[in-house]
Structure formats: structure tokens, C-alpha cells
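Data first, discussion second: the structure below is written as C-alpha cells.
Just so you know, these numbers use all the heavy atoms, side chains as well, and skip hydrogens, waters and symmetry mates. For ligands, and for the atoms within them, numbers begin at 1 and follow the listed sequence.
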Amino acid sequence: MSEGARHANSRPQGSRIDPYFDQYAERARGMVASEIRALFAVTARPEIVSLAGGSPYVSALPLDVVGNMAGQLIAERGSVALQYCTAQGDAGLREKICEVMSLEGIRAHPDDVVVTVGSQQALDLITRIFVDPGDVVLAEAPSYVGALGSFSAYQADVVHVAMDDDGLIPEALEEAIQRLTAAGRRIKFLYTVPNHQNPAGVTLLTQRRPRILEICQAAGLLIIEDNPYGLLGFDGDPIRALRADDAEGVVYLGTFSKTFAPGVRVGWAAAPPGIRDKLVLAAESAVLCHSSFSQLVVGDYLATQPWREQVKDFRELYRQRRDAMLDALTAQMPDGCRWTTPAGGFYVWLQLPEGINSKAMLPQAVSSRVAYVPGTGFYADGGGAGHLRLSYCFPPPDRIREGVRRLASVIEAEIDLRATFGAMAPSGRTGPETPGPGDL
Ligand SMILES: Cc1ncc(COP(=O)(O)O)c(C=O)c1O
């Protein structure tokens, strides 16, 4: 048999682009590139002001100091830093993580903590141990795109719960639980980002928190509290975590990605003992153990550097950028736009005038050298087309102002187009022919 014939017979026949297309597990069907991922290639071009990605401004770190610290770590403790460790994570680091969480009122023991590869891995592991295909996960609308990716990878049925400017709405949560329970659905957990939410930039009102806990306790519903931005509030002390008031009913996810550096990929979950044990086993099967080197770098950074001062510097830097964005939005945005006012974190959530579709408008925006993330990326149910997410964490204030100016012109042009052509205007288009960011 010729080489060509043998390949023709033995290779799977899925599609011309991917011969293995038909062979993937059912769960892989839900794995599709997110809006943000598809955008990365375009937004990296220097002429584009990217208000899209949520990359922290790591250049503000004392990079030379961190470099020396990492070098010293290898020179002095390389035999540990370059070795395997336990799947639960370095004990010294877990102790320091408990100190970090105490800033938000959490009293945890290092045994409660499982170190993960960023909080993203914690999301994956939590979903892996809880979700069977078709199980319901309750998630805020809109929700962090990476969480939706994990839920979809394990074939969860995501049911959104409405938020307003004060975060998750307790009545909407109660109603969703009642409706789903009455329909015989299995709800596995509630996923929430209570502080400086990604993408909406809103924070759960303090007065709503006991009610949310009460509703979930009454329903026996676990809460996944994802809190990467909790220490990046612009006003006052950090807000008390949900887990601080219910250690049995809440799994808390934290990360050093926003307060130190995402490149070290160190996050954690603080969980009740049963869940903690399952997470350790799941982590073991996923990665054996996490990077000893990264964990010790973070541990040394917390032990030897003025990290609280650094977090303050980050807060000040992001506050200035937030102000630049809000001022520019107020000065430039046409009537009919509305946006949130974040009290911390990285994001503003902008509502477009009636009828304008953020996904359909994106090619126009990129032609005008500005990028954002269309709201559709943050919904599991096709919602969000009337919104977009703007990040102010990475570009300096003058670039933010320029980006907002460009975006305002694009939205104005869309408004004009709609005034001229009505619902036939391009923004009104939906469906497969609508160009997505992956087409750019
Ligand atoms: C709400 C939320 N959760 C989790 C993550 C994941 O962060 P990491 O895996 O870097 O800790 C992010 C990152 O942007 C986020 O915004």
C-alpha cells in the first residue's frame, strides 16, 4: 500500500480543517475560542489602543528586586525550588495565604488551603469535582469569561442570575433557585465575583451579603466566591469576604495575579475539608503538583518585600486610570450610553444605545484603532450584545483617553447609520454572517 493510501484509510475523516473533529469527547464540543482570546492577536498591534484585555500593569513592580530575589532563591534553595512538591502546595505559602485572607476577615488554617495554577485552575478543579453534564451552575449575568469556559468544558448548564449596580440581586437568586428546584434540576453551586466584578465593575452591596448567604444556606447551595480584585478597592478597607461569615458554605478563590504577577500562576482555593480533599486529588491528577519555584518566589516576595505598599501603589495607579476612563467617557460618549462606576478592579461595563450590537461593531472599532470586548463573551445564553467591557488596567491615562475618543466616534457613526438606515443598519445584524473577532 502506498504511503498516501495508508494515510487516507487510517486517518479520521472529521473535516478538512481538523480530521479529528468527529473523534473529540462530547465535552470538547463546548470548547470554543472566547471573544477575548480571538482578540489578543489583533489588540497586540501597537497602533491599536486596547481597552480589551485585563492584563495587570506588572511593569509597576520592582522588577530588578524580584529578579534578584528569584536568583537568590535558586542559588540558596534550588534543590527545593526545582523539585516536586505536594499537590496541596507549599506549607509556608499556605500560611502566608491565610494572612492575606485575614485582610478580608477570613480566619482560615493553612490546611484549608489548596494552592492552584492561578484561580483559573481552581475554577476548573471545582467544576470537575462537582459538575456532571447537564447540572445547573448559577452564575451572575454577566460573568467572568474564564469561569464560563470551565463550566462549558464540563457541560454545565449555566443559568444566569441578574445583577444591578449593587451586584447580585437576592430576589433574582431566590427566584432562580425556586424555579429550578421546582423543575427538578440539580443546582451544583452559585458562582459569584462579589468585588469589582469582571466584567461589570460592580461590587455586591454589604447589606445584600447576609441575605445571599441566607438564601444559599436555606437551599443547601454551595457558593464559589471568586475574589481576584478584593484588595484592589480604591476607597477604604477591603470588604469582608462572604467566606468570613460562612466557612462551611463558601469556597473562596484567591490569586496573586493582580496583587503581584499573573506570570507566576499562583492562586488558591480555601474550602471546607471534604471539598479540600477532593481538590487535592483532582490537582494531583491534573498536574501532580504545582510549580515549587513559583510558590517559593511568591512566598519570598510576601516575606521579604513590602507587598502591602506595592498593593497600595497598584491601587493608586489603577485609580488614576479609572478616573481617566470615567472622565473621558463623560466627556465623549454620545447620548444613550450608560456605564458603571467601578470602586476598584480593572473594568467598566458600557451599555450601548438601543439597537447597537457590540460584536457587530467590533471590526469598525478595530479599523478605528480601538479594541474592547463585546458583551456576548460574558453570557452563556447569547445575551450581552448591547454591552461591552472596557479595561483601564494596562494603557496609560493618555492612551485611555485616546481610546475612549476613538470608541465614541465609532458609536456615533453607528448611531448615524441607524438613523439613516433604521434596523437594516449593520449593527442590527445578528446570526452567523455577523463578523466576529475571530474573523479579523
Ligand atoms: C474574576 C476572575 N477570576 C479568575 C481569574 C483568573 O485569574 P488567574 O488564573 O490569573 O488567577 C480572573 C482573571 O482575570 C478573573 O478576572
Side-chain angles (χ1 to χ4, degrees), residues 34-37 39-40 43 50-58 61 89 93 97 100-101 104 113-127 137 139-153 158 163 167-168 189-204 223-233 239 241-243 251-270 279 283 286-287 290-291 294-295 297-298 314 318 340 342 344-349 373 377-380 389-394:
S34 76
E35 318 272 343
I36 294 180
R37 201 166 98 195
L39 263 174
F40 260 126
T43 58
S50 177
L51 305 175
S55 300
Y57 192 68
V58 289
L61 287 166
L93 177 61
I97 285 172
V100 173
M101 289 192 293
E104 293 165 342
V113 175
V114 183
V115 177
T116 53
V117 183
S119 47
Q120 185 63 41
Q121 193 201 19
L123 281 167
D124 178 88
L125 297 179
I126 283 283
T127 317
V137 166
E140 295 158 335
S143 263
Y144 165 55
V145 66
L148 294 181
S150 290
F151 304 153
S152 148
V158 174
M163 284 196 299
L168 198 62
F189 53 76
L190 165 69
Y191 170 72
T192 178
V193 180
N195 301 319
H196 322 305
Q197 204 246 15
N198 179 4
V202 301
T203 291
L204 180 60
I223 298 177
I224 309 301
E225 175 180 28
D226 186 9
N227 192 23
Y229 308 99
L231 298 186
L232 293 178
I239 300 167
L242 292 170
R243 185 175 161 93
V251 175
Y252 176 98
L253 309 187
T255 180
F256 292 104
S257 288
K258 321 292 175 176
T259 50
F260 177 36
V264 293
R265 307 305 300 129
V266 177
W268 70 91
L279 285 176
V287 291
H290 309 295
S291 159
S294 280
Q295 292 181 70
V297 165
V298 175
F314 273 133
Y318 295 134
T340 55
F346 291 181
Y347 310 106
V348 168
W349 185 239
V373 185
F378 306 99
Y379 283 79
R389 189 192 76 179
L390 299 174
S391 310
Y392 51 80
C393 46
F394 198 77

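In the vicinity of Val193, heavy-atom distances shorter than 4.0 Å reach the ligand 1 atoms 1 (C). Heavy-atom contacts of Tyr229 reach the following atoms of ligand 1: 14 (O), 15 (C), 16 (O) (cutoff under 4.0 Å). Every atom of ligand 1 is numbered from 1 in the order shown, and the set under 4.0 Å from a heavy atom of Thr255 is 8 (P), 11 (O). The Lys258 neighbourhood of ligand 1 comprises atoms 13 (C), 14 (O), with distances under 4.0 Å to a heavy atom of that residue. Within ligand 1, counting atoms from 1 as listed, the ones closer than 4.0 Å to a heavy atom of Gly118 are 8 (P), 9 (O), 11 (O).
The aromatic ring centroids of Phe346 and Tyr318 lie less than 6.0 Å from each other.
A distance of 9.5 Å separates CG in Leu231 from CZ in Phe256, rounded to the nearest 0.5 Å. We find the CD1-OG1 distance between Ile224 and Thr192 to be 10.5 Å, quoted to the nearest 0.5 Å. Put simply, CD1 on Ile97 and OG1 on Thr255 are 9.5 Å apart, with the number rounded to the nearest 0.5 Å.
The closest approach between any non-hydrogen atom of Phe346 and ligand 1 is not below 4.0 Å. Not a single heavy atom of Gln197 lies less than 4.0 angstrom from ligand 1. In this structure, Pro228 has a heavy atom closer than 4.0 Å to ligand 1.
Side chains of Val373 and Val145 form no contact here, defined as non-hydrogen atoms less than 4.5 Å apart. Side-chain contact check for Pro342 versus His196: every heavy-atom pair is 4.5 Å or farther apart.
Counting heavy atoms under 4.0 Å from ligand 1, residue Arg265 touches it through the side chain alone. Heavy atoms of Phe256 found under 4.0 angstrom from ligand 1: none, in either backbone or side chain.
When hydrogens are left out, the protein atom nearest atom 1 (C) of ligand 1 is Asp226 OD2, 3.4 Å; that is the closest non-hydrogen contact. Closest to atom 10 (O) of ligand 1, if we only count protein heavy atoms, is Ser257 OG, 2.6 Å. Counting protein heavy atoms only, atom 7 (O) of ligand 1 is closest to Ser119 OG, 3.5 Å.
Looking at ligand 1, you'll find an N or O of Asn198 within less than 3.5 Å of one of its N or O atoms.
No donor-acceptor pair under 3.5 Å is formed between the side chain of Glu140 and the backbone N or O of Met163.
Every side-chain contact (heavy atoms from CB on, under 4.5 Å) that Ser391 has, sequence neighbours left out, goes to Tyr347, Arg389, Cys393.
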Show the atom names and distances, to 0.1 Å, of all donor-acceptor pairs under 3.5 Å that link a side chain in residues 116-124 to residues at least two apart or in another chain.
{"from": "Thr116", "atom 1": "OG1", "to": "Gly118", "atom 2": "O", "distance (Å)": "2.8"}
{"from": "Thr116", "atom 1": "OG1", "to": "Gly267", "atom 2": "O", "distance (Å)": "3.4"}
{"from": "Thr116", "atom 1": "OG1", "to": "Trp268", "atom 2": "N", "distance (Å)": "3.2"}
{"from": "Gln120", "atom 1": "OE1", "to": "Tyr144", "atom 2": "OH", "distance (Å)": "2.7"}
{"from": "Gln120", "atom 1": "NE2", "to": "Gly146", "atom 2": "O", "distance (Å)": "3.0"}
{"from": "Gln120", "atom 1": "NE2", "to": "Ser150", "atom 2": "OG", "distance (Å)": "3.4"}
{"from": "Gln121", "atom 1": "OE1", "to": "Val117", "atom 2": "N", "distance (Å)": "2.8"}
{"from": "Asp124", "atom 1": "OD1", "to": "Tyr154", "atom 2": "OH", "distance (Å)": "3.2"}
{"from": "Asp124", "atom 1": "OD2", "to": "Arg128", "atom 2": "NH2", "distance (Å)": "3.4"}
{"from": "Asp124", "atom 1": "OD2", "to": "Tyr154", "atom 2": "OH", "distance (Å)": "3.1"}

